[in-house]
Engineer: 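The structure is given below, and queries will be raised subsequently.
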Amino acid sequence: MTHRLGSWTPPDDADTALALRGVHARYPGASADVLDCVSLTIGLGRRTAVLGANGSGKTTLLRVLSGAHRPAAGTVISGGRPLDHGRRGLTAHRQRVQLVTQDPDDQLFSADVRADVGYGPTNLGLPPEEVVARVDEALDVLSLCDLADRPVHRLSFGQRKRVAVAGALAMRSDVLLLDEPTAGLDPVGVAEMLDAVAALERHGTTVVLSTHDVDLAWRWADEVVVVVDGVVSQGSVRDALGDADLLARARLEQPWPLALLGSLGMEPAQYGWPRTHTDVAAVLARDGVTPVAGEAGRT
Ligand SMILES: Nc1ncnc2c1ncn2[C@@H]1O[C@H](COP(=O)(O)OP(=O)(O)O)[C@@H](O)[C@H]1O
Ligand SMILES: [Mg+2]
């Protein structure tokens with residue numbers, strides 16, 4: 001099932017990057033469907049965060065969108081047409097849509113960074129100079145130029161995650177599905193990954209990412225898809241993450257700016273739904289909250 005939150009309406013076909021219609025996904029031997037008649041629409045150029053607790057079905061959802069997991073029933077719409085899961089259909093789909101798995105070591109296997117990023121384009125049968133151009137561009141966008149000749153196994157986890165994203169970018173796909181791109185990264189690694197995501201967007205790529213980090217979703221996303229017990233809710237980031245009941249059912253917490261305003265008895269809607277530290281500081285200053293003496297220089 002799918003719930004539309006608030007006044008959210010799906011984009012027109014022309015603005016649709018990908019969609020699911022009545023999709024059931026399950027694994028052999030399991031009694032319940034991981035996705036139970038799910039319909040959703042990913043808008044072109046919209047930032048969509050897929051949220052849910054561990055085991056809720058985020059990876060399965062992204063794998064269905066990527067074509068890697070074939071639904072037991074229902075349809076994936078890609079490029080305005082139902083996805084054909086035959087070899088030809090999937091090859092065409094993968095040129096539009098790339099999935100970057102949560103663990104980069106599932107995707108990286110070449111000797112060095114350059115060879116890994118060029119693996120997909122080479123397999124497309126592109127001329128070598130085109131492969132080189134795409135690899136150089138992807139390394140540049142992901143700030144990996146200095147690491148181009150490094151063996152992949154000598155990179156940090158965060159660097160390997162960015163190499164996996166670069167490999168997907170080099171395919172020049174329209175849509176990148178990033179499965180928990182910030183999981184396991186330290187704060188600097190998270191910032192680097194978010195810079196990389198912003199660079200992808202400037203590049204015209206539609207980014208969908210899964211996470212259980214509500215604070216990340218709150219500051220990054222336009223739209224949110226919440227997965228709970230096979231059921232999906234889709235809406236604006238405000239309607240989704242401002243819905244305390246939905247968050248509780250999804251075993252997620254409120255984003256910190258909403259929790260803070262709530263604890264002060266302040267209605268987020270009246271304060272412009274602050275998203276960042278700077279937004280919250282501005283709200284508090286406007287309401288006459290001043291830093292406690294001696295603490296002024298802290299932030
Ligand atoms: N290959 C698999 N075989 C059987 N069950 C699976 C497999 N992958 C995932 N599942 C089950 O499907 C459900 C959703 O998993 P997943 O999509 O990985 O969730 P998430 O990414 O949100 O943690 C879980 O109950 C999980 O145990
Ligand atoms: Mg997962």
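Because the structure is predicted, anything quoted here is derived from the model rather than measured. Order of appearance sets the numbers: ligands from 1, and atoms from 1 within every ligand.
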Engineer: Using side-chain heavy atoms (C-beta onward) and a distance below 4.5 Å, is Leu261 in contact with Tyr271?
Structural biologist: yes
Engineer: Atom CD of Glu192 and atom CD of Gln159: how far apart are they, to the nearest 0.5 Å?
Structural biologist: 7.5 Å
Engineer: Please determine, by modelled atom types, if Ser210 and Asp179 share a side-chain donor-acceptor pair under 3.5 angstrom.
Structural biologist: yes
Engineer: Using heavy atoms and a cut-off under 4.0 Å, could you grab the residues that are in contact with ligand 1, chain by chain, numbers ascending?
Structural biologist: Tyr27, Val34, Ala53, Asn54, Gly55, Ser56, Gly57, Lys58, Thr59, Thr60
Engineer: What residues, two or more places apart in sequence or in another chain, satisfy side-chain contact (heavy atoms from CB on, under 4.5 Å) together with Ala148?
Structural biologist: Arg114, Leu139
Engineer: Under the rule for ring pair (Phe, Tyr, Trp, His ring centres under 6.0 Å), what residues qualify as partners of Tyr27, not counting sequence neighbours?
Structural biologist: His69
Engineer: Could you tell me which non-hydrogen atom of Thr206 sits nearest to which non-hydrogen atom of Gly45, and how far apart they are?
Structural biologist: OG1-N, 2.8 Å
Engineer: Verify the distance criterion only: is there a donor paired with an acceptor across the side chains of Thr16 and Asp13 at less than 3.5 Å?
Structural biologist: no
Engineer: Under 2.8 Å from the Mg ion (ligand 2), which protein N, O or S atoms are there? Could you list them by chain and number?
Structural biologist: Thr59 OG1
Engineer: Just one of Leu90, Leu18, Val64 clears the side-chain contact (heavy atoms from CB on, under 4.5 Å) bar with Leu83, so which one?
Structural biologist: Leu90
Engineer: With the side chain counted from C-beta on, respond yes when Ser39 and Leu20 share a heavy-atom pair under 4.5 Å apart, and no when they do not.
Structural biologist: no
